[in-house]
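See structure below.
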Amino acid sequence: MGRANAPIASPNVSTHVVARSELDLLLELLASDGYEVVGPTVRDGAIIYDHIGSTRDLPVGWTDQQDGGKYRLSRRDDEALFGYNVGPSSWKTFLFPPRLELFRVEQNGNGTRFLLNDVESPRRALFGVKSCELAAIAIQDKVFLASGHVDANYAARRENLFIVAVDCGTASGSCFCVSMDTGPGCESGFDLRITEIVSGDGFEYLIQSGTPEGASLADRLAARSADDTHIEARDAALDNARSEMGLSMDTEGLRDLMVDGFDHPRWQEVADRCLTCGNCTLVCPTCFCSTATDSVTLDGVASRTRVWDSCFSLDFTGLHGHPVRSSAKSRYRQWMTHKLATWQDQFGTMGCVGCGRCITWCPVGIDITAEVRAMREEVSV
């Protein structure tokens, strides 16, 4: 996980500068090397992740305005490629798909056959991964690869991943990655790291490799060594993102605050507003709850499919046919306490990276940072 105030690499640590045209070449090289390239693009009034082939597919000149329950795209005053924050979709979609068939059962004249689905291992490049999202991938690595049981599908998708990370030069009203020590600069977990900096009337792009594979690809670009001016420009861009950070969260003693606050009156106050719609868990880049559904076709083929689920669903946890958490209060408390407290007991880290998606995409604008602050204030009274 990145350190918010970590020193920026100097030019002698293989930091180079390329023109925008070289990013198109980078995308072409990734495709020619057999990668399915996925990156940010504008669709249906939002920035989402989908297949891209050139920089023209990126959100050129677009930015997003975000706050509690609010998301709008607007035009920038320039043609920046990465002048936006995060949208409703996350990279989790490509590593832990929303719907995945696990197996099927077929009947024919020779009897019954159980067919396990082949584990998919696409060769995929994620282009434009922000620092908070790198942290989210690292957290899901702990969940699916290092928690005592390896998820074969996740492991296969993760193994063949090439990550092109992008530093943040701007922040939204919902961002608080500095508080979670996950940004705005990308410090680890990438093959290549890009920083977009203003140069004269246009833009230049600092590129730093994080793996031998990344270095090999960077060597195929027409690049020159970065100088002190470029490094200072990157520092300034990161400082700008920190200054624009809309929210903050005090994480000191947070686990104990949540666990000891099981009967805190604030839970009912937030429950009076919460619709238990599950939006926050669906847009969260680290939530991993799922359930299995079975279906049978008329020709006798049965299948079991894993689908995303949410701890806000009434029937997500049950005993003897009855829900364990029947109230909105208990379900919100479960989500927030797990995310900020008991997740630490399970995986050694919090489940929040400060991306702010749960705040932006909550229909009533519930703010997790405000809830933590309110609990602290009421406890201290």
Side-chain angles (χ1 to χ4, degrees), residues 2 14-16 18-43 47-60 80-82 84-87 89-98 100 119-141 144-145 151 153-168 183 185-196 203 205-223 285 353 355:
S14 300
T15 303
H16 294 88
V18 300
R20 178 172 292 192
S21 58
E22 292 303 297
L23 296 188
D24 279 306
L25 176 58
L26 174 59
L27 292 170
E28 292 174 10
L29 291 173
L30 286 168
S32 66
D33 286 349
Y35 287 102
E36 172 194 356
V37 184
V38 181
T41 192
V42 176
R43 181 173 302 163
I47 295 174
I48 57 102
Y49 301 136
D50 205 345
H51 300 98
I52 60 172
S54 74
T55 56
R56 293 188 301 275
D57 297 326
L58 297 173
V60 184
L81 299 180
F82 305 110
Y84 57 90
N85 299 290
V86 292
S89 61
S90 71
W91 301 109
K92 177 176 72 174
T93 303
F94 302 95
L95 293 168
F96 176 53
L100 180 69
V119 174
E120 296 183 20
S121 54
R123 192 170 167 83
R124 181 175 285 140
L126 308 185
F127 188 91
V129 181
K130 299 297 184 83
S131 59
C132 61
E133 299 177 306
L134 286 174
I137 292 173
I139 289 173
Q140 288 221 312
D141 284 350
F144 291 117
L145 303 179
D151 184 291
N153 280 282
Y154 183 93
R157 292 167 181 267
R158 186 70 174 90
E159 182 180 7
N160 290 314
L161 209 61
F162 189 99
I163 295 179
V164 180
V166 176
D167 287 329
C168 284
C186 304
E187 301 298 337
S188 63
F190 55 82
D191 293 283
L192 287 176
R193 166 189 180 176
I194 295 175
T195 311
E196 185 172 54
F203 292 91
Y205 299 86
L206 271 66
I207 291 188
Q208 179 185 352
S209 57
T211 62
E213 294 78 10
S216 176
L217 192 59
D219 287 343
R220 298 157 70 183
L221 302 176
V353 296
C355 68

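Predicted model only: the values in this text are computed from it and were never measured.
- Considering every non-hydrogen atom in both P122 and N160, the closest pair reads O-CB, 3.2 Å.
- Remark: T55 OG1 to Y205 OH distance equals 8.0 Å, nearest 0.5 Å.
- Residue G128 comes nearest to W91 through the heavy atom pair O-CZ2, 3.9 Å, listed as atom of the first residue, atom of the second, then distance.
- Of the residues L81, V42, I47, the one that meets the side chain to side chain contact (heavy atoms under 4.5 Å, CB included) test with L58 is L81.
- Looking at residues two or more places apart in sequence or on another chain, you find a salt bridge (charged side-chain N to carboxylate O under 4.0 Å, His left out) between D151 and R306.
- Residue L134 comes nearest to S188 through the heavy atom pair CD1-O, 3.4 Å, listed as atom of the first residue, atom of the second, then distance.
- Going from atom CG of L217 over to atom CG of L25 covers 8.5 Å, rounded to the nearest 0.5 Å.
- Counting only residues at least two apart or in different chains, salt bridge (charged side-chain N to carboxylate O under 4.0 Å, His left out) contacts with residues 207-220 comprise D33-R220.
- Applying the salt bridge (charged side-chain N to carboxylate O under 4.0 Å, His left out) test to every pair with at least one member in residues 125-134, sequence neighbours left out, gives these pairs: E133-R357.
- Taking F162 as the reference, Y35 meet the ring pair (Phe, Tyr, Trp, His ring centres under 6.0 Å) condition, with sequence neighbours excluded.
- The nearest pair of heavy atoms linking A223 to H16 is CB-CB, 3.8 Å.
- Side chains of D141 and Y154 form a contact here, defined as non-hydrogen atoms less than 4.5 Å apart.
- The line from CD1 of I163 to OG1 of T211 is 9.5 Å long, rounded to the nearest 0.5 Å.
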(request) Apply the test side-chain contact (heavy atoms from CB on, under 4.5 Å) to residues I137 and R158: give CA-CA distance (whole Å), side-chain angles for both, the deciding distance (0.1 Å), then the verdict. (result) CA-CA 9 Å; I137 292 173; R158 186 70 174 90; 3.6 Å; yes
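- Contact between A156 and V119 at its shortest, heavy atoms only, is CB-CG1, 3.3 Å.
- Under the 4.5 Å side-chain criterion, counting only non-hydrogen atoms from C-beta, V129 is not in contact with F190.
- With rounding to the nearest 0.5 angstrom, the CG atom of L27 is 10.5 Å from the OG atom of S32.
- A ring-centre distance under 6.0 Å is not found for F94 and Y49.
- Side-chain contact check for L95 versus F144: every heavy-atom pair is 4.5 Å or farther apart.
- Residues V18 and I194 fail the side-chain proximity criterion, which asks for heavy atoms closer than 4.5 Å.
- Without hydrogens or angle criteria, T41 side chain to D50 main chain gives no donor-acceptor distance under 3.5 Å.
- The backbone N or O of A222 sits less than 3.5 Å from a side-chain atom of E22, completing a donor-acceptor pair.
- How far CZ of R123 is from CG of L161: 11.0 Å, rounded to the nearest 0.5 Å.
- The backbone N or O of C186 lies less than 3.5 Å from a partner atom in the side chain of D167, making a donor-acceptor pair.
- Considering CZ of F203 and CZ of R20, their distance stands at 6.0 Å, rounded to 0.5 Å.
- Partners of S89 according to the side chain to side chain donor-acceptor pair (under 3.5 Å) rule, which considers only residues two or more places apart in sequence or in another chain, do not exist here.
- The two atoms that bring G183 and S131 nearest to each other are CA-OG, 3.2 Å, heavy atoms only.
- E36 is linked by a salt bridge (charged side-chain N to carboxylate O under 4.0 Å, His left out) to R124, counting only residues two or more places apart in sequence or in another chain.
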